[in-house]
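In what follows, every chain begins at residue 1, and chains take the letters A, B, ... in the order their sequences are listed.
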Amino acid sequence: MPLLDVNNISISFGGLAAVSGFSFHVEEGEIVSIIGPNGAGKTTVFNMLTGVYKPDAGSIKFDGVECNGLAPQEIVKLGIARTFQNIRLYKDMRVIENVIVGMHINQKYGFFDMLLRTKKFRTCEYESAKRAQQILEMVGLSQHTHDYAKNLPYGEQRKLEIARAIATSAKLLILDEPAAGMNTGESESLMHFIRTLKDKGFTILLIEHDMNVVMNISDRIYVLNYGKKIAEGLPEEIVSDPQVITAYLGVTKEGKDAAGD
Amino acid sequence: MLLQYIANGIAIGMAYAIVALGYSIVFGILRLLNFSHAAVYAFSANMILVFMGWHFGIWGAVAVSIVATGLLAVCVNQFALKPLRKKNSDKVANLITTVGASYIIQNLMVMYLGSERKTFPFFYDFGVSIDIGFYTITSAQISMFVIAGLLLVFLTLIIRKTKVGLAMRGIEQNPLAANLMGINVEWIIAIAFFMGGASAAVGGALIGGYYQLAYPSMGVMVGNKAFASAVLGGLGVLHGAAIGGLIVGVLECLIIGYLGASYRDGIAFVLLIITLIIKPAGLFGKKNITKV
């Protein structure tokens, strides 16, 4: 059974069908990418997966549980966490605090523990801080632990978003254009980083425009255009798919020549 | 005499400070000026009298009123503001709704409790006073200072050191990201309203006791002064609200002492106007509150 099994989801805004009848699945331990031209509906798909939008039709099963219609915080509890296309960190918090916010759902103490600062409260806060430190080490941000998030370089801010997502104890990480705005060097190291995440047992669903990244790390790729799936398969199948080439480059006389990037 | 006025001012200023906190907490999380807060504050003092009528005893009545007032603030949020947020209404609509809620609460109190002024017990006065040279500090002033001070420290600890506080700051900085990291945003907002309401109730008990009076429209003046304190200290900044409250309280007592009691209510608003002209973000506020 796939970890994430999405069947025929559709959503429209007013009269515009942003996504129609899109189905895909992600197996445990895979890196799956969704690509497509701007406005194809990729981020909308992510927003449906994470409960920001409710699909008009279709089903989303994660780990066998139907998540269509659940609130965002309930979906996080099931084990899906995401990052954002335009970075949404808590800019005026320290790096480690950003990570601890991600642990919110796993910090289990009640009002009275808080009021009386019981042992449970103190241990819980201590454990959180310790785990946050470990996560920061894992993503390579430990030298920035006490910096303000807004002062990190761009590439590091993206890593911090991923760290925050990991902190929720997610099994599935949904990364929305992690390489956006990165230079070649930065995206190389990001690619390496995503691979290490896979090795650590995370399953990854990715939206990305940087074809170098997509083709190098994806196990499988889905291609969306105008809200519809136009292709799916292994990276090498996708690059030579005539429909994909048409979607990206428009109709050409000899479209296949342009295949590749 | 100066020191005497300052001592009086610090005591009443601490009470303004904890009422001001309510404006600041809600503003911090929602960027909304909650004008129902003044009526919520008045509700607390009036309810203490009601509960005393039910033989709760004064301390019991205060405790129950703190919870009831916190819940009232939560109700304002749940029934008036949350539906507006769900529909993505304009900020101004939210603001006007809080004004409306304040009138509803105040007038319900007039309907059911009567509009006359009722005596309120000076319950934290232990009849002791300490004479230091030419001035006197009463035990009531000390208790006021200590109670309000403890509450300030407690709320600051919640916001700085617990997951709820961290979640509040997360929501303040980016509500969507907070939600998608597993924070139940509406629940945290409700907690913020409860904290604001409950601290207003402590303020209501202290100020009601200090003047030994409670009546439905008592929130108007104190609410406005607390609001001025919150703006003075910087909306959304807790220690700012506290210091703003102290400044307003002390200046008020100095004015009573040197200019006469008829000018006392003006000072808070003079300060408010000066703050808005010179330093709109307040003493401790961050410069650019709204980024587009």
Side-chain angles (χ1 to χ4, degrees), chain A residues 46-47 49-52 71-84 86-94 96-111 113-115 117 121-122 124-125 128-129 132 148-150 161 163-170 174 176, chain B residues 28-29 31 63 66-67 70 74 82 85-86 88 150-151 153-192 194-195 198 234 236-237 281 284-292:
Chain A
F46 278 17
N47 281 337
L49 293 182
T50 50
V52 178
Q73 71 268 17
E74 291 165 329
I75 291 176
V76 177
K77 264 181 211 165
L78 292 177
I80 304 182
R82 72 177 285 183
T83 67
F84 302 88
N86 36 356
I87 296 177
R88 289 175 181 270
L89 286 171
Y90 312 119
K91 294 195 173 85
D92 294 319
M93 280 190 205
R94 292 177 197 281
I96 189 161
E97 289 179 312
N98 268 279
V99 179
I100 294 178
V101 172
M103 294 175 188
H104 187 85
I105 48 166
N106 299 315
Q107 291 176 297
K108 295 202 166 67
Y109 54 77
F111 176 73
D113 295 316
M114 208 156 85
L115 192 69
R117 305 187 70 76
F121 170 88
R122 282 175 284 138
C124 184
E125 288 291 342
S128 306
Y148 282 103
K150 63 181 170 195
E161 274 213 322
R164 186 176 65 180
I166 292 173
T168 64
S169 313
I174 301 187
D176 195 347
Chain B
I29 196 166
R31 295 274 169 259
I66 288 173
V67 176
V74 173
K82 189 174 161 188
R85 278 199 300 276
K86 275 231 166 108
N88 260 332
L150 284 178
L151 184 65
V153 172
F154 175 60
L155 290 179
T156 310
L157 277 180
I158 287 189
I159 289 189
R160 291 265 169 83
K161 297 279 181 204
T162 69
K163 69 166 192 171
V164 171
L166 201 56
M168 280 180 185
R169 287 189 282 148
I171 294 170
E172 174 185 346
Q173 292 178 29
N174 202 324
L176 180 65
N179 195 198
L180 288 167
M181 290 304 129
I183 292 168
N184 188 341
V185 174
E186 284 302 335
W187 176 243
I188 300 286
I189 291 175
I191 293 180
F194 185 87
M195 281 164 66
V237 187
F284 300 93
K286 286 182 206 105
K287 244 186 185 164
N288 40 352
I289 283 176
T290 43
K291 283 180 207 154
V292 182

Asker: Could you have a look at B/Leu166, B/Leu176, B/Ile191, B/Val185 and say which one has the most heavy-atom pairs with chain A under 4.5 angstrom?
Answerer: B/Leu166

Asker: Look only at the side chain of A/Tyr109 and the backbone of B/Lys163, and say whether a donor-acceptor pair between them is shorter than 3.5 Å.
Answerer: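 It does hold such a pair.
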
Asker: Using non-hydrogen atoms and a 4.5 Å limit, figure out which bit of A/Thr168 sits close to chain B: side chain, backbone, both or neither.
Answerer: side chain

Asker: Does the side-chain contact (heavy atoms from CB on, under 4.5 Å) test come out yes or no for B/Asn179 and A/Gln73, once each step is laid out?
Answerer: CA-CA 6 Å; B/Asn179 195 198; A/Gln73 71 268 17; 3.0 Å; yes

Asker: Looking only at side-chain N and O atoms, does B/Gln173 offer a donor or acceptor that is under 3.5 Å from a partner on A/Asp92?
Answerer: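 Distance-only check fails for A/Asp92 and B/Gln173.
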
Asker: If you count heavy-atom pairs within less than 4.5 Å of chain B, which of A/Arg82, A/Glu74, A/Lys77, A/Glu161 leads?
Answerer: A/Arg82

Asker: For A/Glu97, is it the side chain, the backbone, both or neither that has a heavy atom under 4.5 Å from a heavy atom of chain B?
Answerer: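 Both parts, backbone and side chain.
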
Asker: Could you grab the distance from atom CZ of A/Phe46 to atom CG of B/Leu180, nearest 0.5 Å is fine?
Answerer: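 Rounded to the nearest 0.5 Å, the CZ-CG separation comes out at 12.5 Å.
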
Asker: For B/Phe194, what residues pass the ring-ring contact (aromatic ring centres under 6.0 Å, His included) criterion, not counting sequence neighbours?
Answerer: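 For B/Phe194 there are no ring-ring contact (aromatic ring centres under 6.0 Å, His included) partners, ignoring immediate neighbours.
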
Asker: Can you measure from NE2 (A/His104) to CE (B/Met181) and round to the nearest 0.5 angstrom?
Answerer: 13.0 Å

Asker: Got a second to check how far B/Asn174's CG is from A/Met93's CE, nearest 0.5 Å?
Answerer: 10.0 Å

Asker: Between A/Ile75 and chain B, which part of the residue has a heavy atom less than 4.5 Å away: side chain, backbone, both or neither?
Answerer: neither

